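First comes the structure, then the notes that go with it.
Reminder, nothing fancy here: chain letters follow the sequence lines and each chain counts from 1. Computed from a predicted model, the values in this text were never measured in an experiment.
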Amino acid sequence: MNSTIEYRLTIHRILIIDDEESIQTVVKFGLTLTTPWQVITASSGAEGISKAQLEQPDVILLDVMMPEMDGISTFQELQRQEKTQHIPVIFLTAKAQASEKRLFKDIGVDGVITKPFNAMDLSQQIIGVLAEG
Amino acid sequence: MAKKRGIPPQKTPQRHPKSPLPINSVEIDNSVEIELRRQTQRIQLFSEVTLKIRQSLQLKDILQTTVTEVQRILNADRVLIYQVFADGTGKAISEAVLPKYPSILDQAFPEEVFPSDYQTLYAQGRVRAIANVYDPAAELADCLVEFVAQFDIQAKLIVPILSAFESQPLWGLLIAHQCGTPRQWVEFELELMQQLADQISIAIAQGVLMENLEDVVATRTAALRRSEEQLRLITNALPVLIAYVDQAQCYRFNNQAYEEWVGLPVDRIFGCSLHKIWGKVSYQQMQAPIQAALAGQTMSYDHEMQLPQGMTRSVNITYVPHWDDAQQGVLGCFEMITDISERKAIERMKDEFISVVSHELRTPLTSIHSALKILASGGLGRLSADGQQVLEIADENTDRLVRLVNNVLDLQRIESGAVTMNPQACNAADLMQKATDEMQAMAQQQGVELVTTPIDLALWVDADYIVQAITNLLSNAIKFSHVGDRVRLTAQLPSEAKASEGKASGDKTSEDKTSGDKTSEGKVSEGKSDQPSQIQFQVCDQGPGIPENKLEQIFERFQQVDSSDARKKGGTGLGLTICRKIIEQHGGKIWAENQLERGSIFSFTLPIVTEQNPPSLGIEVE
């Protein structure tokens, strides 16, 4: 419970990186309506890295399947960058296999949220996932 | 053998040419003793000849041995066997004759020398001992005297060879000739001839039987060969590898497809061991199932098979034990290998298709689902009452679609083996609590009381999947409960479960019964009787229960009790199928039954960590 409160208090800005514009839109609406968080969007891995460096979000939501630079490459790049490596990253994935979840955890991803999710419940999920560690 | 039993060789020369057996009357003056000795020698002699005759089953050899031996013993000039044919004619078919006399072998006798009335007399058992053919007392027909004269025959001894067939009782004659001089035949000689003629009769009868037997054997062999040809034709026409392997695991039969696969002709496979044909690696994989089959168990399994040529094929292999007639022992087993590579490829394509479609559906579903939830929240402005109602319909059905996509994908993953269960030691109480926590909100919403009695017990399972299974059962129970009803989640060791069995009523299906029995007696009692290897979970509700004929069916995909349930209750029709798959992959069983008063009980078993059930329990999925 303490950690939930802690995250609710510490998240001010969140970055969503997804090539699907509709996902960006619903996430933005959902989070804006349910939290005081500022939602920043990016449509590709490269754009996401750039915005993460610039905006310094408290959490990054990162789609796994993206053209050109996929979620894993983007995550690894974020980890390499000194300015972004401290930011918790949650993967958004349609492939919710246990083996994949384990793989994501092994490479250091902070959490996984499986599609389809409900944008109105997303903030709860984000807090829950981060609290689980 | 015959020589050992025979008369000592030194005694033979003492025999007078025309006398019966050699008797040393100088040394033995007791007549009784002489007679006894003579009798003994005759028996020995007869035994010796009989033994020689019986050494062959071939009539020709028997006849030749007979005439040779008789000629030797009787010291006759000629001994022959004359065969009478069905038409009354005949000829000498075997002969032993001293070199100085002409042979009459194969010579046909004129009919007048052996007329039919003579044949009739011989057929009745007549024997003739003629000391001198020229003696009128012999009463021989002139033509016969004339006939024998051309061969210088002076004395004859004739005994009939009778047959067992009424149509032709006289088979032939055994005849001894003395040429040049008359001869007084003695009783022993007549007896010997008669006894040997009897032996020939027996040999002829046996020969006929043998011939018949050979005919039968030949007919049956031909039928067997035809049957084998038919079998080979049929098995060769089948696109399945068929073979028969004996107890020594050696091939005794195989069809053409088998030859093509292993790349060897049938004569190179026949008699060879499985190990030799398939090689060490492949044999090691088939060793356990074939041993089980040779122990009497029918085995069937899918397998990736490496062919001797190096190719790999997906196959289904079935071993069927071949029991002996008394069903006591296994003689060998039939092996059937079906190439299922294409089927497997199609299954993979289907799995891939389902997987891709499901994944592709998830992203747009996220947008629709979220968009509807955002609208329904009113955060973007209030809708009219009608608008709100329409939105709720869209929202509910999107939820349903989300669940359906999730379930289809879950099931496909489990069935295709894409899922790797990750068993770990965990506590039953934790799993029960986690599932209850997840369902508490739904229970409250439905006005249903959710009661859990956790049990502190170590399990060896994939916690995520077991929680999913329990959650699914709880969700079902809540859905079908009325406001104020109670849903109970309990777990107990089998002994407790057995004691509480009386609480449940309703006939289980046969499989259910098996499951129940196994729970209380079978698997559970493995190892130490006081240390059960499985735990039994139960989810009980107070809902309407399940019709008896649906108790098993509900675990099949899209088999709901009422087809409108999916709409009314928001189910997908896949939840229980997924539950069953998860439980079965953990080596457990799941079944449903009705409670005595109202409501249903869903029970399932899971392995617990014991000495007999170590954490190495194989629930890994390929």
Checking A:D58 against A:T10 for the side chain to side chain contact (heavy atoms under 4.5 Å, CB included) test, could you report, in this order, the C-alpha distance in whole Å, the side-chain angles of both residues, the deciding distance, and whether it holds? CA-CA 8 Å; A:D58 302 304; A:T10 53; over 6 Å; no
Output, in order, the C-alpha distance, side-chain angles, deciding distance and verdict of salt bridge (Lys or Arg N to Asp or Glu O under 4.0 Å) for A:K115 and A:D63. CA-CA 10 Å; A:K115 289 179 187 176; A:D63 184 29; 3.2 Å; yes
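With no hydrogens or angles considered, no side-chain donor-acceptor pair links B:Q444 and B:Q440 at under 3.5 Å.
No option in B:D410, B:L576, B:I590, B:L411 other than B:L411 meets the side-chain contact (heavy atoms from CB on, under 4.5 Å) test with B:K581. Remark: of the listed residues A:L130, A:L62, A:I16, A:L130 is the sole one forming a side-chain contact (heavy atoms from CB on, under 4.5 Å) with A:I90.
B:K350 and B:E347 are not joined by a salt bridge, as no carboxylate oxygen comes within less than 4.0 angstrom of a charged side-chain nitrogen. The pair B:K373-A:D121 fails the salt-bridge criterion, with no side-chain N (NZ, NE, NH1 or NH2) lying under 4.0 Å from an Asp/Glu carboxylate O.
Contacts from residues 377-391 of chain B to chain A, taken as heavy-atom pairs separated by less than 4.5 Å, involve B:S377, B:G379, B:L380 in sequence order. Identified by a heavy-atom distance below 4.5 Å to chain B, contributing residues of residues 47-56 of chain A are lacking entirely. Contacts from residues 18-33 of chain A to chain B, taken as heavy-atom pairs separated by less than 4.5 Å, involve A:E20, A:S22, A:I23, A:V26, A:F29, A:G30, A:L33 in sequence order.
Checked by atom type and distance alone, the side chain of B:N472 never pairs as donor or acceptor with a backbone atom of B:Q468 at under 3.5 Å. Under a 3.5 Å cut-off, the side chain of A:T114 and the backbone N or O of A:A94 do not form any donor-acceptor pair. The main-chain N or O of B:D462 is found under 3.5 Å from a side-chain atom of B:H586 such that the two form a donor-acceptor pair. The backbone N or O of B:D456 sits nowhere less than 3.5 Å from a side-chain atom of B:N427 that would complete a donor-acceptor pair. At distances below 3.5 Å, at least one donor-acceptor pair connects side-chain atoms of B:T398 with backbone N or O atoms of B:A394.
With sequence neighbours excluded, the residues that form a side chain to side chain contact (heavy atoms under 4.5 Å, CB included) with B:E304 are B:T312, B:S314.
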